[in-house]
Number of protein chains: 2
Amino acid sequence: MTETYGIAELAKEFGVTTRTVRFYEDKGLISPTREGQRRIYSPRDRVRLRLIMRGKRLGLTLDEIAELIDLYDADPSEVTQLKQFIGVIRERKTVLEGQKQDIEDILAEMTRLERQCTQLLSQKQNKK
Amino acid sequence: MTETYGIAELAKEFGVTTRTVRFYEDKGLISPTREGQRRIYSPRDRVRLRLIMRGKRLGLTLDEIAELIDLYDADPSEVTQLKQFIGVIRERKTVLEGQKQDIEDILAEMTRLERQCTQLLSQKQNKK
DNA sequence: ACGCTGCTTTACGTTAACGTAAAGCTCGCA
DNA sequence: TGCGAGCTTTACGTTAACGTAAAGCAGCGT
């Protein structure tokens, strides 16, 4: 008796339209079951949606997100597969680390700008 | 006598096509001068291009990137403008901090996966 | 039986960010 | 003087990620 969800319910929770949820299914990112003609979503589908949203916040394409999810799901049995798998993970990691660096750079700039502004503001207000 | 660059030169440096560089000009992100009909890029244009690329790595749209660049360039003179400006900066910062959190989450997951894999790998190789 | 609500499929439309092809200037040089 | 290299404008094409509209089924409350 595990929890299930309707499409409108999930769409609302994640702030997207039902069209979007169906679109992700088309792309193979989620695979809800059916009850008659209606889609029934499991907690697993919901987790996937959460992963998708996180990926989108990072500017990943749906294809890239699919790859990432595949990484989580897959369990490589062969040794050669396993080695290749580790390679893929490391690539992903370096990209993400670069991205993190970019963010930290911009954040630093923003903080500098903010300080500069608040200071300027207090100056102007003291003159008044 | 400040340094200048041709379009092909810059495009090559940033790993994009000349079409892309012209496209960014169309969108108002850079404004090279002309020498005859040819575009001449200044160090300032080059810095802009660097900012654009950084934004793209973060999945920002060109419009968002334009906003960010405007933030760097603008100096708000009015007090009300200044306050609003600070607000915009803070919004940007919270978005970026969320993004950073997302990245750290994924990175942690990746590291976990990687460890799991390397461990599994060494097990398999010891059995052989 | 009727209509509303919520879901469904099908299919054409839209926006962003370029790609790509065509045709024309202009400068240096053999 | 012809020509090739490198730039230019103009314009149509393409892909991703949905939006939006049309038309139909299915249960349920009156």
Side-chain angles (χ1 to χ4, degrees), chain A residues 3-43 45-46 48-70 92 95 99 102, chain B residues 3-43 45-46 48-70 92 95 99 102:
Chain A
E3 188 119 8
T4 65
Y5 314 89
I7 189 169
E9 194 178 349
L10 274 191
K12 189 175 177 187
E13 175 176 352
F14 290 104
V16 299
T17 67
T18 60
R19 170 68 171 102
T20 299
V21 177
R22 287 193 204 97
F23 183 73
Y24 293 159
E25 183 181 350
D26 264 28
K27 291 283 156 175
L29 291 171
I30 42 183
S31 319
T33 59
R34 299 291 179 123
E35 180 178 295
Q37 59 168 2
R38 306 216 166 168
R39 276 165 250 255
I40 303 294
Y41 297 88
S42 69
D45 292 320
R46 203 179 141 203
R48 292 240 183 179
L49 266 177
R50 191 175 304 286
L51 291 179
I52 295 172
M53 296 309 155
R54 197 172 65 181
K56 291 203 62 192
R57 283 197 299 275
L58 296 179
L60 303 184
T61 68
L62 292 184
D63 286 355
E64 290 170 325
I65 293 174
E67 273 187 57
L68 267 182
I69 292 183
D70 284 353
R92 278 277 155 219
V95 173
Q99 221 171 335
D102 284 335
Chain B
E3 189 117 9
T4 66
Y5 314 89
I7 190 169
E9 194 179 350
L10 273 190
K12 188 175 180 188
E13 176 176 352
F14 290 104
V16 298
T17 67
T18 59
R19 170 70 171 99
T20 299
V21 177
R22 287 193 203 98
F23 183 73
Y24 293 158
E25 182 181 350
D26 264 27
K27 291 282 156 176
L29 291 170
I30 41 183
S31 318
T33 59
R34 298 293 179 122
E35 180 178 294
Q37 62 168 358
R38 307 215 165 167
R39 277 164 250 255
I40 303 294
Y41 297 88
S42 69
D45 292 319
R46 204 179 140 202
R48 292 240 184 178
L49 266 176
R50 192 176 305 284
L51 292 178
I52 295 172
M53 296 310 154
R54 197 171 64 181
K56 290 203 63 192
R57 283 197 298 274
L58 296 179
L60 303 184
T61 68
L62 292 183
D63 285 356
E64 290 171 324
I65 293 174
E67 274 188 57
L68 268 183
I69 292 184
D70 284 354
R92 277 278 154 217
V95 173
Q99 221 171 336
D102 285 334

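Residue numbering restarts at 1 for every chain, and letters A, B, ... go by the order of the sequence lines. Only a predicted model underlies this, so the values are computations on that prediction, with no experimental measurement involved.
Whole-Å rounding puts the B:E25 CD to D:dC7 P distance at 14 Å. Distance CZ (A:F23) to C1' (C:dA11): 14 Å, rounded to an integer number of Å. Atoms CG (B:L29) and P (C:dC18) sit 10 Å apart, rounded to a whole Å. Taking atom CD of B:E64 as the reference point, atom P of C:dT15 lies 17 Å away to the nearest angstrom. Protein atom CZ of B:R34 is 13 Å distant from nucleotide atom C1' of C:dC25, rounded to whole Å. Separating the CZ atom of A:R22 from the C1' atom of D:dA21 is a distance of 13 Å, rounded to the nearest angstrom. The CG atom of A:D63 sits 6 Å away from the P atom of D:dA17 (whole-angstrom rounding). Distance B:I7 CD1 to C:dT26 P: 18 Å, rounded to the nearest Å.
The two atoms that bring A:I7 and A:R22 nearest to each other are CD1-CG, 3.6 Å, heavy atoms only. When every heavy atom of B:D45 is checked against every heavy atom of B:P32, the shortest pair comes out as OD2-CA, 3.6 Å. When every heavy atom of B:R34 is checked against every heavy atom of B:I40, the shortest pair comes out as C-CG1, 4.3 Å.
At a threshold of 4.0 Å, the pair A:R46-A:E3 does not count as salt-bridged, since none of the basic side-chain nitrogens sits closer than that to a carboxylate oxygen. Using a 4.0 Å cut-off between charged nitrogen and carboxylate oxygen, B:R50 and B:E13 count as a salt-bridge pair.
Of the residues in residues 13-20 of chain B, B:T17, B:R19, B:T20 come within less than 4.0 Å of DNA chain C through at least one heavy atom, sorted by number.
Between A:F23 and A:L62, some side-chain heavy-atom pair lies under the 4.5 Å cut-off.
Checking C:dC7, D:dC18, D:dT8 against the side-chain heavy atoms of A:L62 singles out D:dC18 as nearest.
Look at B:R38 and you won't find any side-chain N or O under 4.0 angstrom from OP1 or OP2 of D:dT8. The phosphate of C:dC18 (OP1 or OP2) has a side-chain N or O of B:K56 nearer than 4.0 angstrom. The phosphate of D:dC18 has OP1 or OP2 within less than 4.0 Å of a side-chain N or O from A:Y24.
To the nearest 0.5 Å, the span separating CG on A:L68 from CZ on A:R54 amounts to 8.5 Å.
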